[in-house]
Amino acid sequence: MIGAGFGLDGLILSEAELGDEFFRLSSGLAGELFQKFVNYRLPVALVLPDFSAHCERFAELAYEHSRHSAVRFVTSQEEALEWLSRQVNS
């Protein structure tokens with residue numbers, strides 16, 4: 001989901017939109033995507049209701065990014081929209 005439909009500049013991705021490979025940290029996919037988002041200065045909110053539903057290392061990654069300035073893990077779409085709106089207004 002692109003935040004532009006809500007007047008925001010950013011991207012919101014849900015758990016269903018992320019493939020199994022994303023959650024398997026050894027694949028490197030999550031890191032590559034995060035780096036692209038940072039490089040292109042595209043804020044992205046990843047909506048995952050339960051960070052611990054995947055492996056322990058993934059939960060740690062999500063927790064570390066729960067305060068990241070460009071890639072943010074949140075637990076609801078409302079939280080994602082709120083965060084993206086603050087990115088636009090800052």
Side-chain angles (χ1 to χ4, degrees):
M1 165 190 229
I2 302 290
F6 294 92
L8 304 173
D9 185 20
L11 183 65
I12 298 173
L13 296 173
S14 70
E15 187 170 14
E17 295 168 319
L18 302 167
D20 291 338
E21 190 173 355
F22 177 84
F23 296 106
R24 192 169 36 84
L25 295 181
S26 63
S27 74
L29 181 60
E32 287 181 40
L33 286 175
F34 291 174
Q35 190 61 52
K36 296 286 185 195
F37 296 138
V38 169
N39 289 349
Y40 289 105
R41 294 185 174 98
L42 177 67
V44 62
L46 300 142
V47 180
L48 297 168
D50 181 9
F51 299 157
S52 65
H54 303 283
C55 71
E56 182 179 337
R57 288 195 59 227
F58 187 85
E60 291 171 5
L61 173 76
Y63 179 76
E64 289 172 8
H65 280 80
S66 66
R67 297 287 173 233
H68 195 275
S69 62
V71 178
R72 180 72 56 103
F73 281 84
V74 296
T75 57
S76 69
Q77 173 135 348
E78 294 77 22
E79 190 179 351
L81 290 168
E82 181 181 314
W83 177 72
L84 280 177
S85 70
R86 287 194 311 264
Q87 299 311 301
V88 171
N89 297 320
S90 58

Leu13/Phe22 under side chain to side chain contact (heavy atoms under 4.5 Å, CB included): CA gap, chis, key distance, verdict:
CA-CA 12 Å; Leu13 296 173; Phe22 177 84; over 6 Å; no
Heavy-atom closest pair, residues [X] and [Y]:
X: Ala59; Y: Ser52; result: CB-CA, 3.9 Å
X: Leu84; Y: Pro43; result: CD2-CB, 3.7 Å
X: Gln87; Y: Ser69; result: OE1-O, 3.4 Å
X: Trp83; Y: Ala70; result: CH2-O, 3.5 Å
X: Ala62; Y: Phe51; result: CB-CG, 3.6 Å

Atom pair [atom1]/[atom2] of [X] and [Y] - distance to nearest 0.5 Å:
X: Leu42; Y: Lys36; atom1: CG; atom2: NZ; answer: 13.0 Å
X: Phe73; Y: Glu15; atom1: CZ; atom2: CD; answer: 10.0 Å
X: Glu21; Y: Leu29; atom1: CD; atom2: CG; answer: 5.0 Å

Find out whether Phe34 and Leu61 are in side-chain contact, i.e. whether some heavy atom of one side chain is under 4.5 Å from a heavy atom of the other.
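Heavy-atom side-chain distance check passes, below 4.5 Å.
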Assess whether side chain to side chain contact (heavy atoms under 4.5 Å, CB included) is satisfied between Ile12 and Leu81, documenting all intermediate values.
CA-CA 8 Å; Ile12 298 173; Leu81 290 168; 3.5 Å; yes
Parallel, tilted or perpendicular: which describes the rings of Phe23 and His54, with under 30° parallel and over 60° perpendicular?
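Ring orientation of Phe23 relative to His54: parallel.
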Take Leu18 and Leu46, measure what side chain to side chain contact (heavy atoms under 4.5 Å, CB included) needs, and give me the verdict at the end.
CA-CA 9 Å; Leu18 302 167; Leu46 300 142; 3.8 Å; yes
Mark yes or no for whether Glu79, through its side chain, and Thr75, through its backbone, hold a donor-acceptor pair below 3.5 Å.
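Present.
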Report yes or no: does His65 contribute a side-chain atom to a donor-acceptor pair with the main-chain N or O of His68 at less than 3.5 Å?
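Checking the backbone N and O of His68 against the side chain of His65, no donor-acceptor pair under 3.5 Å is found.
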Stepwise ring pair (Phe, Tyr, Trp, His ring centres under 6.0 Å) check, Phe58 with Tyr63:
CA-CA 9 Å; Phe58 187 85; Tyr63 179 76; over 10 Å; no
Determine, stepwise, if the pair Phe37 / Leu11 fulfils side chain to side chain contact (heavy atoms under 4.5 Å, CB included).
CA-CA 9 Å; Phe37 296 138; Leu11 183 65; 3.9 Å; yes
Counting only heavy atoms from other residues, nucleotides and ligands, does the tally under 6.0 Å from CG of Asn39 exceed 12?
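Enclosed.
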For Glu32, check side-chain contact (heavy atoms from CB on, under 4.5 Å) against everything at least two apart and list the hits.
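Glu32: no side-chain contact (heavy atoms from CB on, under 4.5 Å) contacts found.
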